[in-house]
Amino acid sequence: MQVGLAMAVIIAAVAGWLLGSFAADVPGLGVAMEAARLLFLGALKLIVGPLIFFSLISGILRLRQAKQMRRLGVITLLYYLGTTAIAITIGLLVVTLWHPWTGSPTLVESGGLANVTATSAAGATLIDPQASGIAEVLLGLLKRTLTNPVTALAELNILAIVANALLIGLAGLASLPANSPLITLVHHATDLVYRIAGWAVMLVPVGVLGIAFNMSATIDTALIGQLALFMLVVFAATALHGLLVLPLLAGLLTRFGPLKFLTAVASPALVALTTSSSAATLPVSLQTATSKMGVDSSIASFVLPLGATINMDGTALFEGIAAVFLAYLFGISLGPAGVFVVFFVAMVASIGAPGIPSGSMAGMQVVLLAVGIPLEAIGLLLLIERPLDTFRTAVNVEGDLLATLVAQRFAGTRE
Ligand code: ASP
């Protein structure tokens, strides 16, 4: 989210809150605010299914390149999946051990929810609240997964969307020739969907205006305090991953010591911090990898673009903590099955998120829907999205750069 947009969001939040608190009775205002709210949430909901569907298929089809470099492809993917899993685990561990908002009133207790008109998609919740026992939960998940792509997209059944995208992508890898027009079509469709997602992000101020109006009764000092604590926890966990775990992994897996690694990634991390976009940072990352870190350019030019779209440690970690925090606020108890769903869906959502400012917001919505948190929760996250996006993007880029060193070490020809 760029600075101008971030300012607009803050202004919209304050305006929505003021209008909701002092002018709620003005005729027609409530309807207009409801329209603003639905416009944004509707746009997000409209794009999220195709976004996940096409970006996953297109990501898998890009792996074709890796076929020629099998070892590089396998190592890069293992690294990406492994470190993303570590990042979510850190996020979920930190938030399990440290959740300073517990004890303060949830939106249900403060009566705030009375004012919130929940927008959720009936078919999207992954856990059946009636299910007793893990076997029943797993059977339910299996049933939801085995749905055809048309129904899955129509019902916003994320699990089936992901399963279908994986199947189609893998089948395409196995059967389509490299110059197949179908592959070009999928890449073009993905560009198109990304563009629409970008437009949806531009609607954020409109949405925040409506959501803040709708929630004005709940945006009180207690909630601001809870949001500040949430930010603190996210920053701490992100710092733990970026300043300790990744540098230590660098020390263990590559010839770079932790400090040397941190110094080398400093400038791309700064660019990521200011642009909030892994994709926009790509040119700097490529240059750093090849000229500062001595990575082969053939390796860097495969690992980094792939990483900018599928490897997002900071994002995955953030989504895990955000889900737990918002579940608390909305009075939803996650339980072990819920945490498992958050882990799995946050992993997929971070892989499917584009490396653009606030790219993870659509995916975040999937995480919320999966555990039954109303979409309005996104409105709360958007209020603090700007500072959070900067740091998580820096860690996303740091993870991609470590991947180049790992790939060079284990799949390179120079060592
Ligand atoms: N802005 C992030 C990136 O580009 C994506 C996100 O988490 O929103 O890496």
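Read the numbers this way: they start at 1 and go in the same order the structure lists the ligands and their atoms. Computed from a predicted model, the values in this text were never measured in an experiment.
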* Asked: What is the minimum heavy-atom distance between M312 and A308, and which atoms define it?
  -> CE-O, 3.3 Å

* Which residue supplies the protein heavy atom nearest to atom 6 (C) of ligand 1, what is that atom called, and how far is it? -> S360 OG, 3.3 Å

* Structure fact -> Correct closest heavy-atom pair for A407 and L72 would be CB-CD1, 3.6 Å

* Which ligand 1 atoms does S276 reach within 4.0 Å, using its non-hydrogen atoms? -> 1 (N), 4 (O)

* Under a 4.0 Å heavy-atom limit, does M361 contact ligand 1 with its side chain, its backbone, both, or neither? -> neither

* Structure fact -> In short, ring pair (Phe, Tyr, Trp, His ring centres under 6.0 Å) pairs touching residues 232-267 with sequence neighbours left out are F235-F391

* **Heavy-atom closest pair, residues P50 and V193** => C-CG1, 3.9 Å

* **Proximity of V397 to ligand 1 by residue part, where a heavy atom lies under 4.0 Å** => neither

* Structure fact -> In this structure, atom 4 (O) of ligand 1 is nearest to the protein heavy atom S278 N, 2.8 Å

* **ligand 1 N/O within reach of G359 N/O, cut-off under 3.5 Å** => yes

* Atoms in ligand 1 with a heavy atom of S358 nearer than 4.0 Å -> 1 (N), 8 (O)

* To do: Considering heavy atoms of the protein only, find what lies nearest to atom 2 (C) of ligand 1 and give residue, atom and distance to 0.1 Å.
  => T393 OG1, 3.3 Å

* Report yes or no: does N396 contribute a side-chain atom to a donor-acceptor pair with the main-chain N or O of G314 at less than 3.5 Å? => yes

* For A323, does its backbone N or O pair with a side-chain atom of Y328 as donor and acceptor, under 3.5 Å? -> no

* **Heavy-atom pair with the smallest gap, counting every atom of S285 and L401** => O-CD2, 3.6 Å

* Structure fact -> S277 heavy atoms within 4.0 Å reach ligand 1 at atoms 4 (O)

* Tell me, which protein residue and heavy-atom name are nearest atom 5 (C) of ligand 1, and how many Å apart are they? -> I356 O, 3.6 Å

